[in-house]
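Working notes, beginning with the structure itself.
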Amino acid sequence: MTIANLLLVDDEVPFVDAMTKRLTHRNFHVVAAYNGDQCLEQLEVHRDIEVVILDVKMPGMDGIEVLRQIKIKYPIIEVIMLTGHATVESAIDGMKLGAFDYLMKPCDMEQLVAKSSEAAARKRGQEEKIIEARLKAITSQRA
Ligand SMILES: [Mg+2]
């Protein structure tokens, strides 16, 4: 059984490939992207993605700009920022822009698994609230 549908975005190809393997082994479904543009393309195609794991430092569109775009187009999708020591401030900016959390690289597998699961649970909770609110709106119209 799949725990959650993830999109892993990082410009370091070997890192993405290794993490994809490890997360898949831990029962996550993982889609990969190697830059910001690919991230947004993958979100268009894979409408079931629940959590984006997003590198802060990437050539071209950086993680903060990608986060902004994600939050405009898909506000319910949760984002976990991946940061190095040099980019901790960016990760904090990311939190202010609506990121769920951040992880320091090299990231601990257990932490990544735990945070990804928490983020997916939060997204599902938010979706349930939206559905409940819609149902309430329908039933109150009928009353
Ligand atoms: Mg990078």
Side-chain angles (χ1 to χ4, degrees), residues 1-140:
M1 208 195 113
T2 302
I3 297 173
N5 295 318
L6 309 179
L7 171 56
L8 179 56
V9 191
D10 196 302
D11 58 305
E12 289 168 56
V13 176
F15 172 80
V16 172
D17 293 350
M19 293 308 270
T20 299
K21 263 186 205 157
R22 295 177 71 182
L23 286 164
T24 305
H25 191 69
R26 299 288 290 261
N27 295 324
F28 288 89
H29 183 257
V30 186
V31 173
Y34 304 103
N35 59 53
D37 288 321
Q38 277 181 11
C39 167
L40 298 172
E41 283 165 21
Q42 294 286 40
L43 286 170
E44 283 283 320
V45 176
H46 302 276
R47 292 304 182 125
D48 56 352
I49 286 166
E50 300 171 291
V51 180
V52 180
I53 299 162
L54 180 62
D55 185 25
V56 168
K57 203 177 175 193
M58 293 186 290
M61 215 191 305
D62 72 2
I64 293 294
E65 184 51 34
V66 179
L67 171 66
R68 278 206 185 92
Q69 303 266 343
I70 294 170
K71 285 292 161 184
I72 291 167
K73 285 188 181 165
Y74 316 95
I76 303 278
I77 291 180
E78 297 293 350
V79 180
I80 297 169
M81 308 297 289
L82 288 181
T83 178
H85 285 284
T87 51
V88 175
E89 282 302 318
S90 302
I92 295 164
D93 290 343
M95 306 285 285
K96 290 176 189 163
L97 290 167
F100 176 77
D101 209 338
Y102 74 93
L103 280 170
M104 292 281 279
K105 283 210 243 180
C107 58
D108 176 69
M109 195 61 195
E110 297 309 317
Q111 271 194 327
L112 184 58
V113 164
K115 285 195 196 294
S116 299
S117 307
E118 282 169 32
R122 179 177 151 81
K123 181 190 181 270
R124 288 168 197 165
Q126 294 289 87
E127 274 172 342
E128 271 169 35
K129 278 183 204 163
I130 290 167
I131 290 165
E132 271 170 35
R134 287 207 177 117
L135 284 175
K136 263 183 207 161
I138 292 166
T139 36
S140 65

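Whatever order the structure lists ligands and atoms in, that order sets their numbers, starting from 1.
Applying the salt bridge (charged side-chain N to carboxylate O under 4.0 Å, His left out) test to residues at least two apart or on different chains, the pairs with a partner in residues 68-90 are E65-R68, E78-R122. Legend: side chain to side chain donor-acceptor pair (under 3.5 Å) pairs involving residues 50-59, not counting sequence neighbours, sorted by first then second residue: E50-R124, D55-K105.
The side-chain contact (heavy atoms from CB on, under 4.5 Å) search around S90 returns V56, I64, T87, not counting sequence neighbours.
Here the rule is side chain to side chain contact (heavy atoms under 4.5 Å, CB included) with I80, and of L6, L54, V51 only V51 fits it.
Remark: F100 CZ is packed, more than 12 non-hydrogen atoms of other residues, nucleotides or ligands lying under 6.0 Å away.
Of all protein atoms, those of element N, O or S that lie under 2.8 Å from the Mg ion (ligand 1) number 3.
Checked by atom type, the side-chain pair E44/Y74 shows a donor-acceptor distance below 3.5 Å.
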